[in-house]
Amino acid sequence: MGHEAGNPGNSGSAAVGGVAGPAGSLPVHPWRRFVAVGDSFTEGLDDPDPRRPGSYRGWADRVAEELSVGVGDFAYANLAVRGQVLHEVVDSQLGPALTLKPDLVSLQAGGNDLLHAGADPDKLAAILEGAVESLSFQGVTVLIFVGPDSGRSTVLGQFRTKIAVYNENLRSIAEHHDALIADLWAMTELHDPRMWGADRLHPSSMGHHAVAAMVLETLNVPHSLVPLRPKPLPEQSWREARAGDVLWAREYLVPWMLNGIRHQSPSAGFSAKRPVPAPIDEAVPGSVEPGSLGQASAPHPSAPHPSAPHPSAPHPSAAAESTHLKRGRIFGNAVPPPAE
């Protein structure tokens with residue numbers, strides 16, 4: 001519902017967007033209040049915000065920045081909480097999102113569920129459909145994310161089939177409820193390992209940039225996000241690539257598997273970074289303070305503090321991600337192919 005003004009094309013399919021036109025042109029979309037709902041992927045891990053050291057930017061902030069151009073009354077809230085599984089996202093974020101009276105909501109969740117044994121993509125889709133139905137009933141434009149293609153050759157390629165089944169369910173839901181699909185699966189650029197952070201689970205700054213451009217094109221909103229074209233990676237020997245895989249498994253995969261057995265909740269002690277709608281360039285009352293990495297004002301006693309910088313940015317994000325993984329859940333939705 002509400003798609004015609006933005007002309008985002010048929011439900012469930014990405015329309016052609018583009019680069020913004022001349023300065024001073026009229027707003028080219030109908031949305032005035034954007035609320036993002038989800039887990040750490042929507043919060044913005046691992047895309048350090050240079051304007052707020054210790055905080056994250058992410059694809060949603062980048063989309064909000066573009067949507068705000070030329071729209072003086074535009075406001076944006078981000079309710080995403082790292083570590084939450086689908087039912088937690090729906091139970092804790094859907095109600096608050098509706099009270100904010102948005103006209104555009106992005107809904108991304110389920111990846112944390114699918115990376116666990118016994119996860120049923122059909123049951124998960126049924127939970128998400130209830131949320132989409134509630135939003136659509138209020139006349140909200142709903143944007144649903146489908147997970148990326150991790151590839152059969154990746155460390156977690158065993159989850160590829162479940163992600164694909166879940167994605168097809170979501171496409172059907174989008175068609176039935178006139179929602180839009182943000183198609184991560186179709187983004188072949190995400191196969192580049194530089195699109196992902198050190199944990200191979202959260203997009204890097206480059207990855208979030210690419211996702212934001214895809215979202216804006218899905219909404220058919222002209223934008224200024226020029227595709228980033230990094231130089232080719234230097235060739236790695238088989239031994240070097242496997243050494244990197246072993247290091248990743250030791251630092252991220254093994255701790256996650258061990259602590260997952262203990263049923264520790266990685267979302268404890270964390271809260272939304274932008275709980276109330278505000279212009280994108282304004283601080284939000286009650287939001288996460290810079291430097292807290294999304295931690296609530298009353299820190300959970302078991303939430304460790306990051307201690308090492310990310311290898312590709314002067315922010316403590318990589319150590320934070322390691323902390324999140326070691327607390328019992330993987331937050332992202334896919335693992336890129338290991339470098340060959």
Side-chain angles (χ1 to χ4, degrees), residues 31 33-45 55-61 63-64 67 75-115 119 123-147 166 170 173-174 177 179-182 184 202 208 211 215 265-278 280 284-288 292-298 300 324 327 329-333:
W31 302 291
R33 181 162 292 193
F34 169 38
V35 176
V37 171
D39 55 33
S40 61
F41 176 84
T42 293
E43 181 184 343
L45 276 68
S55 296
Y56 296 105
R57 189 181 180 194
W59 68 265
D61 285 20
V63 167
L67 292 177
Y76 159 60
N78 190 318
L79 307 185
V81 177
R82 66 189 70 177
Q84 288 193 341
V85 292
L86 177 57
H87 80 85
E88 293 173 329
V89 170
V90 173
D91 292 346
S92 67
Q93 298 180 39
L94 179 61
L98 286 169
T99 64
L100 299 179
K101 300 187 181 303
D103 49 18
L104 173 63
V105 170
S106 64
L107 179 56
Q108 169 274 317
N112 287 328
D113 303 79
L114 291 169
L115 297 180
K123 291 181 179 179
L124 292 171
I127 295 174
L128 187 134
E129 183 169 20
V132 174
E133 187 173 27
S134 296
L135 291 165
S136 297
F137 183 75
Q138 297 297 322
V140 177
T141 298
V142 184
L143 180 74
I144 309 171
F145 276 81
V146 299
Y166 184 61
L170 299 193
I173 291 169
H177 295 284
L180 298 171
I181 286 292
L184 296 175
H202 297 99
H208 279 286
V211 171
V215 168
S265 174
S267 62
F270 295 96
S271 60
K273 68 177 183 179
R274 293 180 63 91
V276 296
I280 186 63
V284 180
S287 64
V288 175
S292 65
L293 290 174
Q295 197 164 340
S297 57
H300 191 276
H324 310 326
R327 293 190 64 193
R329 255 179 223 152
I330 290 181
F331 299 88
N333 294 315

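- A donor-acceptor pair is defined here as one N or O able to donate and one able to accept, closer than 3.5 Å; no such pair exists between the side chain of Gln138 and the backbone of Leu135.
- Side-chain atoms of Val37 and Val89, non-hydrogen and from C-beta on, do get closer than 4.5 Å to each other.
- Contact record, Leu100 with Ala77: CD1-CB, 3.9 Å, taken as the closest heavy-atom pair.
- Residues His202 and Tyr56 form no side-chain contact, since every pair of their non-hydrogen atoms from C-beta on lies 4.5 Å or further apart.
- For the pair Val105 and Leu98, the minimum side-chain heavy-atom distance is 4.5 Å or more.
- By the 4.5 Å heavy-atom criterion applied to side chains, Asp103 and Thr141 are not counted as neighbours.
- Considering all non-hydrogen atoms of both residues, Ile173 and Ala125 come closest at CD1-O, 3.3 Å.
- Shown here are the side chain to side chain contact (heavy atoms under 4.5 Å, CB included) partners of Ile127, two or more places apart in sequence or in another chain: Leu86, Val90.
- The two residues Ala109 and Asp39 come nearest to each other via the heavy atoms CA-OD2, 4.3 Å.
- Residues Gly147 and Leu184 share a closest heavy-atom pair of C-CB, 3.9 Å.
- Residues passing the salt bridge (charged side-chain N to carboxylate O under 4.0 Å, His left out) test with Arg33, sequence neighbours excluded: none.
- The CZ atom of Phe34 lies 7.5 Å from the CG atom of Leu143; values are rounded to the nearest 0.5 Å.
- Counting only heavy atoms from C-beta outward, the side chains of Val81 and Glu43 never approach each other to under 4.5 Å.
- Listed by chain and number, the residues in a side chain to side chain donor-acceptor pair (under 3.5 Å) with Asn78 are Tyr76 (sequence neighbours excluded).
- Contact check for Val35 versus Val140: no side-chain heavy atoms found under the 4.5 Å cut-off.
- For Ser106, the side chain to side chain donor-acceptor pair (under 3.5 Å) test picks out no residue, with sequence neighbours left out.
- In this structure, Leu170 CG and Leu128 CG are separated by 5.5 Å, a value rounded to the nearest 0.5 Å.
- Residues Asp61 and Lys273 are in side-chain contact: their nearest non-hydrogen atoms beyond the backbone lie under 4.5 Å apart.
- Nearest approach of Ile280 to Ala64, heavy atoms of both residues: CD1-CB, 3.9 Å.
- In terms of the ring-ring contact (aromatic ring centres under 6.0 Å, His included) criterion, residue partners of Phe145 (sequence neighbours excluded) are, by chain and number, Phe41, Trp59.
- Rounded to the nearest 0.5 angstrom, Ile144 CD1 and Leu107 CG are separated by 6.5 Å.
- A side-chain hydrogen bond (donor to acceptor under 3.5 Å, both in side chains) check over residues 92-101, counting only residues at least two apart or in different chains, returns the pairs Gln84-Ser92, Gln84-Gln93.
- Residues Leu45 and Arg82 are in side-chain contact: their nearest non-hydrogen atoms beyond the backbone lie under 4.5 Å apart.
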